[in-house]
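Beneath this line is the structure, given in structure tokens, with notes to follow.
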Amino acid sequence: FGKLTELRFLSLTFNGLEGEVLEEIWAMKKLEVLDLEGNLISGVLPVKLKNMRVLNLGFNRVVGKISSSWSSVKGLEVLNLVGNGINMFVLGFVGRLRAVYLSFNLLGRVIPSEIGEHCGGSELMMALLYSNVLEDVIPSELGRLRKLEVLDVSRNMLGGPMPRELRKCYELSVLVLSNLFNPIPDVNGTARDLGVE
């Protein structure tokens with residue numbers, strides 16, 4: 001791969017690739033889309049590709065945390081790490097992505113309010129965080145994600161009142177809250193709070 005200096009798109013899905021992502025791939029300066037879904041890739045996730053727009057490492061064996069240094073990859077739009085062993089909390093910078101897929105991991109603690117706090121001009125349209133071990137409540141700051149269309153936080157340990165601020169997510173068309181460990185009180189009131197008739 002080292003001599004493919006103009007490569008912008010690389011897809012090697014479902015090929016049984018094992019071990020860490022080759023250093024030669026991370027060295028491709030112009031690479032914008034890296035799709036390695038469905039392999040046996042392991043290790044931690046280094047921050048090497050500054051031009052990356054789409055990173056898909058879904059259903060591999062990536063472990064550890066999402067480093068805050070990923071916030072330096074300014075052009076990143078889609079991050080797919082579904083079905084790995086990511087075990088730290090969701091970092092606030094994901095609020096400026098277009099789509100984040102972090103389901104079927106070991107994400108713990110809370111959904112950070114920073115996802116909405118620092119994203120007045122947020123582009124986030126889809127956030128799939130289901131089947132983790134997220135706790136506490138859904139933060140009201142998510143109401144600042146005005147372009148959010150899909151939010152799925154089902155199969156977690158979230159509970160508490162539904163934030164009324166989600167009414168400000170005018171594009172929100174899919175909201176999945178099923179199988180939460182702590183039931184959301186007053187489901188009928190919640191629906192009214194969100195403008196559901």
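Side chains included, hydrogens not; waters and symmetry mates left out as well; all remaining heavy atoms used. Owing to the predicted nature of the structure, the values given are computational and were not obtained by experimental measurement.
Closest of all the heavy-atom pairs between M126 and L148 is N-CD1, 4.1 Å. When all heavy atoms of K65 and N87 are compared, the closest pair comes out as N-OD1, 4.0 Å. For the pair V62 and N84, the tightest heavy-atom approach, listed with the atom from each and the gap, is N-OD1, 2.8 Å. Annotation for V150 and L128: closest pair CG1-CD2, 3.9 Å, computed over non-hydrogen atoms. Closest non-hydrogen pair, V100 versus L97, comes out as CB-CD1, 4.4 Å. Closest of all the heavy-atom pairs between L145 and L124 is CD1-CD2, 3.9 Å.
If you run side-chain contact (heavy atoms from CB on, under 4.5 Å) between I86 and each of L106, L57, N105, L45, only N105 comes through.
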Next on the checklist: Set out, in order, the CA-CA distance, both residues' side-chain angles and the distance that settles side chain to side chain contact (heavy atoms under 4.5 Å, CB included) for M157 and V133, then state yes or no.
Outcome noted: CA-CA 6 Å; M157 293 186 283; V133 287; 3.7 Å; yes

Item to check | Candidate pair L17 and L12, rule side chain to side chain contact (heavy atoms under 4.5 Å, CB included), full reasoning | outcome: CA-CA 8 Å; L17 300 175; L12 297 169; 3.9 Å; yes

Checklist entry - What do the steps show when you test N39 against E18 for side chain to side chain contact (heavy atoms under 4.5 Å, CB included), and what is the final call? => result CA-CA 7 Å; N39 284 290; E18 295 185 39; over 6 Å; no

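At a threshold of 4.0 Å, the pair K147-E123 counts as salt-bridged, since one of the basic side-chain nitrogens sits closer than that to a carboxylate oxygen. Ion pairing between R146 and E171 fails under the 4.0 Å rule for side-chain N and carboxylate O.
Between atom CG of residue L31 and atom CG of residue N51 there is a gap of 9.0 Å, rounded to the nearest 0.5 Å. Taking CG from L177 and CG from L151, the interatomic distance works out to 7.0 Å, rounded to the nearest 0.5 Å. Interatomic distance, I25 CD1 to L36 CG, rounded to the nearest 0.5 Å: 6.0 Å. Between S178 atom OG and R155 atom CZ the span is 6.0 Å, to the nearest 0.5 Å. Here L172 contributes atom CG and L142 contributes atom CG; the two are 10.0 Å apart, rounded to the nearest 0.5 Å. Separating the CE atom in M28 from the CG atom in L22 is a distance of 9.0 Å, to the nearest 0.5 Å.
Side-chain N/O atoms of E37 and N56 include a donor and acceptor closer than 3.5 Å.
Transitive grouping of hydrophobic side chains (ILVMFWY, heavy atoms separated by less than 4.5 Å) brings M162 and I111 into a common cluster. When the side chains of ILVMFWY residues are joined at heavy-atom separations under 4.5 Å, either directly or via intervening members, V82 and L134 end up in two distinct hydrophobic clusters. Follow the hydrophobic side-chain contacts under 4.5 Å out from L81 and you reach W26 in the same cluster. Following chains of ILVMFWY side-chain contacts shorter than 4.5 Å, one cannot reach F59 starting from L107, and the two form parts of different hydrophobic clusters. Follow the hydrophobic side-chain contacts under 4.5 Å out from V137 and you never reach L129; the two are in separate clusters.
Proximity of a side-chain donor or acceptor of R144 to a complementary backbone N or O of E141 within less than 3.5 Å is not detected. One N or O on the side chain of D152 and one on the backbone of S154 form a donor-acceptor pair closer than 3.5 Å.
Taking the ring centroids of F104 and Y130, they lie under the 6.0 Å cut-off.
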